[in-house]
Amino acid sequence: MAGDSNTLNALAATRDGFLRHVRGRTPALGLAARPHLDQLHGRLVAEGGPQIVLCEGRAGSGKSTVAADVLERLAGHGWPIAVVRMDRADPSARTARGLGTMMNLQDSPGILLPGVADGGPGLFVVDQLDAVSLYSGRMADVFEAVEDVLAQLSAAPNIKVLLVVRTVDVERDGRLSRLMTADVRAERFPVGELTEDSVRAVLTASGNDPDKMPSCSLPSTPPCAPCRPPNRPPRLTP
């Protein structure tokens with residue numbers, strides 16, 4: 001399977017679709033600079049680093065944007081990458097192969113990625129994992145398909161996994177909590193608040209004076225309604 005063009009193209013289609021979705025939500029005034037890209041990239045490429053990284057944060061904190069940035073960088077390194085958005089999951093997908101079918105793949109990403117990587121590095125990204133959590137998800141049983149893929153990838157430590165999810169779901173869904181505490185392959189990676197300097201830089205670059213904004217906490221993400229420049233998109237990060 002190594003080097004199979006059909007499989008590589010199918011995997012790339014999942015990656016490109018995710019990037020289009022995230023980039024399409026980028027506001028016109030731009031995104032604030034974050035330190036998370038280099039940090040997350042370092043975790044994923046580190047020798048002896050975690051196989052599973054759980055990229056977590058509150059709603060609107062920019063988790064998907066950070067994931068898109070890092071997978072774009074790793075794709076530039078030649079890593080084969082597959083991405084699935086669980087907010088678009090098929091409720092009938094309960095197995096790894098079913099998840100692959102949902103992604104328009106011929107088999108499970110837990111089979112295809114190790115095959116095309118042929119011992120080299122690769123990445124499997126699960127975005128919006130909270131959509132299938134027990135706490136806030138609508139299709140909690142579909143989490144079984146993700147667990148199935150993770151079990152397959154336990155035999156392929158060269159394939160890294162990036163799970164993107166809200167912190168509240170990690171804390172309230174026992175399955176995610178157990179993954180973080182019981183699986184030695186897993187590690188949490190919090191995406192925190194923007195710094196005031198980074199927010200001010202974006203506002204200034206877009207022609208807005210941060211000092212003339214109505215009073216509210218500048219680092220908050222997304223900004224509260226009074227701080228939104230007129231005729232501008234409401235968020236600094238998707």
Chemist: Does the pair R185 and L150 meet the rule for a side chain to side chain contact (heavy atoms under 4.5 Å, CB included), with working shown?
Modeler: CA-CA 10 Å; R185 301 176 294 162; L150 295 181; 4.2 Å; yes

Chemist: Can you see which heavy atom on L113 is nearest to which on A82, and at what distance?
Modeler: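 Heavy atoms only, the tightest pair is CD1-CB, 3.9 Å.
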
Chemist: Between atom CG of D107 and atom CG of L112, what is the distance when rounded to the nearest 0.5 Å?
Modeler: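 If I round to the nearest 0.5 Å, the distance is 5.0 Å.
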
Chemist: Could you measure the distance from the CD1 atom of I52 to the CG atom of L162? Nearest 0.5 Å is fine.
Modeler: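 Separation between the atoms: 11.0 Å.
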
Chemist: Any salt bridge linking R23 with E72? Criterion: basic side-chain nitrogen under 4.0 Å from a carboxylate oxygen.
Modeler: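 Yes, R23 and E72 are salt-bridged.
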
Chemist: Taking V164's backbone N and O only, do any of them form a donor-acceptor pair with D127's side chain (distance below 3.5 Å, no angle check)?
Modeler: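 Absent.
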
Chemist: Is the side chain of R43 donor-acceptor paired with the backbone N or O of D38 at a distance under 3.5 Å, no angle test?
Modeler: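 Looks like no, no N/O pair under 3.5 Å.
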
Chemist: I need the minimum non-hydrogen distance between L134 and A140, along with the two atoms involved.
Modeler: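 Where L134 meets A140 most closely, the heavy atoms are CD2-CB, 3.7 Å.
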
Chemist: Output the distance between atom CD1 (I81) and atom NZ (K160), rounded to the nearest 0.5 Å.
Modeler: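 If we round to the nearest 0.5 Å, I81:CD1 and K160:NZ are 12.5 Å apart.
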
Chemist: Set out, in order, the CA-CA distance, both residues' side-chain angles and the distance that settles ring-ring contact (aromatic ring centres under 6.0 Å, His included) for H41 and H77, then state yes or no.
Modeler: CA-CA 11 Å; H41 177 267; H77 297 336; 5.4 Å; yes

Chemist: Nearest 0.5 Å, please: how far is CD in Q51 from CG in L153?
Modeler: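 Those atoms lie 6.0 Å apart.
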
Chemist: Name the residue from L129, V53, V125 that meets the side-chain contact (heavy atoms from CB on, under 4.5 Å) definition with L163.
Modeler: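 When side-chain contact (heavy atoms from CB on, under 4.5 Å) is applied between L163 and each of L129, V53, V125, only L129 qualifies.
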
Chemist: Could you check whether R166 pairs with E56 (Lys NZ or Arg NE/NH1/NH2 to Asp/Glu carboxylate O, under 4.0 Å)?
Modeler: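 Between E56 and R166 there is no salt bridge, as every charged N stays at least 4.0 Å from the carboxylate O atoms.
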
Chemist: Among side-chain atoms of Q152 and S108, is any donor-acceptor pair under 3.5 angstrom?
Modeler: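 Their side chains do contain a donor-acceptor pair, which is all the 3.5 Å distance test asks for.
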
Chemist: Is there a path of hydrophobic side-chain contacts, each under 4.5 Å between heavy atoms of I, L, V, M, F, W or Y residues, that connects M102 with F143?
Modeler: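 In one cluster: yes.
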
Chemist: Calculate, to the nearest 0.5 Å, the distance between atoms CG and CG belonging to D16 and N9 respectively.
Modeler: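 Separation between the atoms: 9.5 Å.
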
Chemist: How far apart are the C-alpha atoms of D130 and K63, what are their side-chain angles, what is the distance that settles it, and do they pass the salt bridge (charged side-chain N to carboxylate O under 4.0 Å, His left out) test?
Modeler: CA-CA 12 Å; D130 39 90; K63 303 179 296 297; 5.7 Å; no

Chemist: Check whether L19 and W79 end up in the same hydrophobic cluster, where Ile, Leu, Val, Met, Phe, Trp and Tyr are linked by side-chain heavy atoms less than 4.5 Å apart.
Modeler: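 Yes; tracing contacts between hydrophobic side chains, which count when under 4.5 Å, links both residues.
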
Chemist: Can R85 be said to sit on top of F18's aromatic six-ring, NZ or CZ under 6.0 Å from centre and within 45° of the ring axis?
Modeler: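 So R85 doesn't make the cation-pi contact.
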
Chemist: Drop me the distance from F124's CZ to L71's CG, to the nearest 0.5 angstrom.
Modeler: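 Separation between the atoms: 12.5 Å.
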
Chemist: Run the numbers on Q106 and T7 for side-chain hydrogen bond (donor to acceptor under 3.5 Å, both in side chains), then give the verdict.
Modeler: CA-CA 8 Å; Q106 293 184 340; T7 300; 5.1 Å; no

Chemist: May I ask you to check whether T95 and D148 show a side-chain donor-acceptor distance below 3.5 Å?
Modeler: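 No.
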
Chemist: Under 6.0 Å from the CZ atom of R188, do we count more than 12 heavy atoms belonging to anything else shown?
Modeler: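 Check passes, neighbour count above 12.
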
Chemist: Can you give me the closest heavy-atom contact between S177 and V170, atom names plus distance?
Modeler: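 Nearest pair, atom of S177 first, then V170: OG-O, 2.6 Å.
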
